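The next block holds one structure in the form of structure tokens; read it before the comments.
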Amino acid sequence: MAHFEIQGGVKLHGEISISGAKNAALPMLCAALLTSEKCVFRNVPRIGDVATLLEIFHEIGVEISGDPDSQIVEVQAKEVDLEKLKTCEKVRKLRASLLVLGPLLSRFGRVEIFQPGGCILGARPNFIHLDGLKTLGAELLREDEKIALKFEGKKLANRRILLSEASVTGTENLAIFLAGKGEESEIYFAAAEPHVRATLQMLQKMGADIEGIGTHCLKIKGNKKLKGGTFDIPPDGLLVGTYAIASTLTGGELLIRNVDHKELFSFYGALKRVGGRFDMEDRALRVYPANKLSAIPKLQTAIFPGFSTDLQSPFGVLLTQCEGDSVVFETLFENRLTYLQELKKMGAKVEILNAHQAKITGPVKLQGTEIQSWDLRAGAAMVLAGLVAEGTTKVTNVDYIDRGYERFPENLEKLGARIKRIK
Ligand code: EPU
């Protein structure tokens, strides 16, 4: 299996343009299953999770065109082979395969898939998705190693649905389902993450009427004849954060282009608080070397607009270089502090207080060694640690990283990092 080898200690320099967001691309591609018309997507990231989803689409008879290397992908779901979907093993590889439930149930009235897998970050229950669909009138036929649903009613059983958590993919799945129904409904405690907003804007463009985008209360008037069209995947704010941390960690200077600042305020706030220096330019972020990095009393993750859980592990690496004691409080997931065990192997001073909290004391000169990726974001964090460590760092399990970071080692190399993908 491939791994990355990094010689640390090089300052990053140069420019990088940010690719499309994984967490917008996945639900938006699934929304294309609502219609038999063609949907053209621009700025599609070339990452493992998108490739897997498109392979699933291909297996179930959805037409996919566009050069696999270009960032344009055309999807046309004239027909969908629901029988093939039932036995499609690739669904197991990707938690986001849950997102086919909403569109297919909405359009065909039935759907069956294997239970999806993906990164193991904690309980990550499906209940928001399944309870939500049941509340709207779907019947859950099975939920063992497979999930099967049918929706036979002509009308929604309820027009108001209250989520018990502001689940990102839960909101997307339900909104996609409702967009294909010709009735008016409301979702309360909807997620407001930027990728949810992008998905809702796509549904609007397809012909659904949606009010409250970007808030926790959505009003959706669906449309049984949704159209195709051309849709832009927004830039990935998580990549902006990752590269900004990489720059600050190595004392380098980067110009990061294709940035939507509005989704990054809580990240910028934390970066500023530890002493990071940067300028918000027009759709770009310029990062300068910090004069001094200082600990933060609490880095607490939260739903949007709070500090994203997906940037917690990369930021944790930065905290090893900040003077004093920092406390990380991961409020969302139960298993998202495991990367700290790897950092300890590199010499980081870390005390895991419980499943959600850890104390990181810095600054510590990290030492290169062999470390593994525990999940996608933890994997990116390992690469960042390697960039600042003394000597050689070998990062294993890099498939995780390739699932969500387009050409990560190749892009870092262009910025001056000494990093190699070893096959
Ligand atoms: N949660 C709360 N309170 C809330 C909402 C969520 O405690 O109000 C907890 C849940 O219990 C769960 C976790 O937060 O343990 C995440 O829940 P959610 O259902 O929102 O997650 P998801 O939809 O399965 C998406 C992203 C994840 C990202 C989370 C949180 C996609 C495809 N996945 O997952 O992305 O971490 O939202 O923002 O959009 C990643 O990209 O590496 C990744 C794991």
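Every value quoted in this text rests on a predicted model; they were computed, and no experiment measured them. All ligand and atom numbering here is 1-based and tracks the order in the structure.
Annotation for ligand 1: atoms under 4.0 Å from non-hydrogen atoms of Lys22 are 40 (C), 41 (O). Applying the 4.0 Å criterion to heavy atoms of Phe333 picks out, from ligand 1, the atoms 13 (C), 15 (O), 16 (C), 36 (O). Each of the atoms 42 (O) of ligand 1 lies under 4.0 Å from some heavy atom of Leu376. Those atoms of ligand 1 with a heavy atom of Thr169 less than 4.0 angstrom away are 22 (P), 23 (O), 24 (O), 31 (C), 32 (C), 39 (O). Taking a cut-off of under 4.0 Å to the non-hydrogen atoms of Arg95, the atoms of ligand 1 that pass are 24 (O). Of all atoms in ligand 1, listed by their number and element, those nearer than 4.0 Å to a heavy atom of Arg377 are 40 (C), 41 (O), 42 (O).
Every residue meeting the side chain to side chain contact (heavy atoms under 4.5 Å, CB included) condition with Arg273, not counting sequence neighbours, appears here in chain and number order: Ile296, Pro297.
Not one N or O on the side chain of Asn126 forms a donor-acceptor pair closer than 3.5 Å with the backbone of His129.
A donor and an acceptor atom, one from each side chain of Gln312 and Tyr339, are located under 3.5 Å apart. When only modelled atom types and interatomic distance are considered, Arg160 and Ser185 share no side-chain donor-acceptor pair under 3.5 Å.
Contact annotation for Leu332 and ligand 1: heavy atoms of both the backbone and the side chain come within less than 4.0 Å of the ligand. Neither the backbone nor the side chain of Glu334 comes within contact range of ligand 1; no heavy atom lies under 4.0 Å.
Contact check on Arg377 versus Asp375 returns no salt bridge, with no Lys/Arg side-chain nitrogen under 4.0 Å from an Asp/Glu carboxylate oxygen.
Among Ala25, Pro116, Ser167, Ala302, the residue whose heavy atom lies nearest to atom 19 (O) of ligand 1 is Ser167. Closest heavy-atom approach to atom 36 (O) of ligand 1 among the candidates Leu163, Asp310, Asn23: Asp310. The closest heavy-atom contact to atom 37 (O) of ligand 1, among the options Thr331, Thr301, Leu99, Val168, comes from Val168.
Residue Ile128 places no heavy atom under 4.0 Å from ligand 1. Proximity of Arg336 to ligand 1 is established by a heavy-atom distance of less than 4.0 Å.
Residue-to-ligand polar distances keep Gly170 apart from ligand 1: every N/O pair is separated by 3.5 Å or more. Of the polar atoms of Ile303, none of the N or O atoms is found under 3.5 Å from an N or O of ligand 1, judged by distance alone. Between Glu165 and ligand 1, at least one N/O pair is under 3.5 Å apart.
Closest of all the heavy-atom pairs between Ala355 and Leu337 is O-CD1, 3.4 Å.
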Contacts table for residues 50-62: side-chain donor-acceptor under 3.5 angstrom, sequence neighbours left out:
| from | atom 1 | to | atom 2 | distance (Å) |
| --- | --- | --- | --- | --- |
| Thr52 | OG1 | Gly48 | O | 2.9 |
| Glu59 | OE2 | Lys90 | NZ | 2.9 |

Salt bridge (charged side-chain N to carboxylate O under 4.0 Å, His left out) between Asp310 and Lys22: does it pass, once the steps are laid out?
CA-CA 12 Å; Asp310 296 331; Lys22 165 180 89 74; over 6 Å; no
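At most 12 heavy atoms of other shown residues, nucleotides or ligands fall within 6.0 angstrom of atom NZ in Lys38.
From Gln321, atom CD reaches atom OG1 of Thr248 across 11.5 Å, with rounding to the nearest 0.5 Å.
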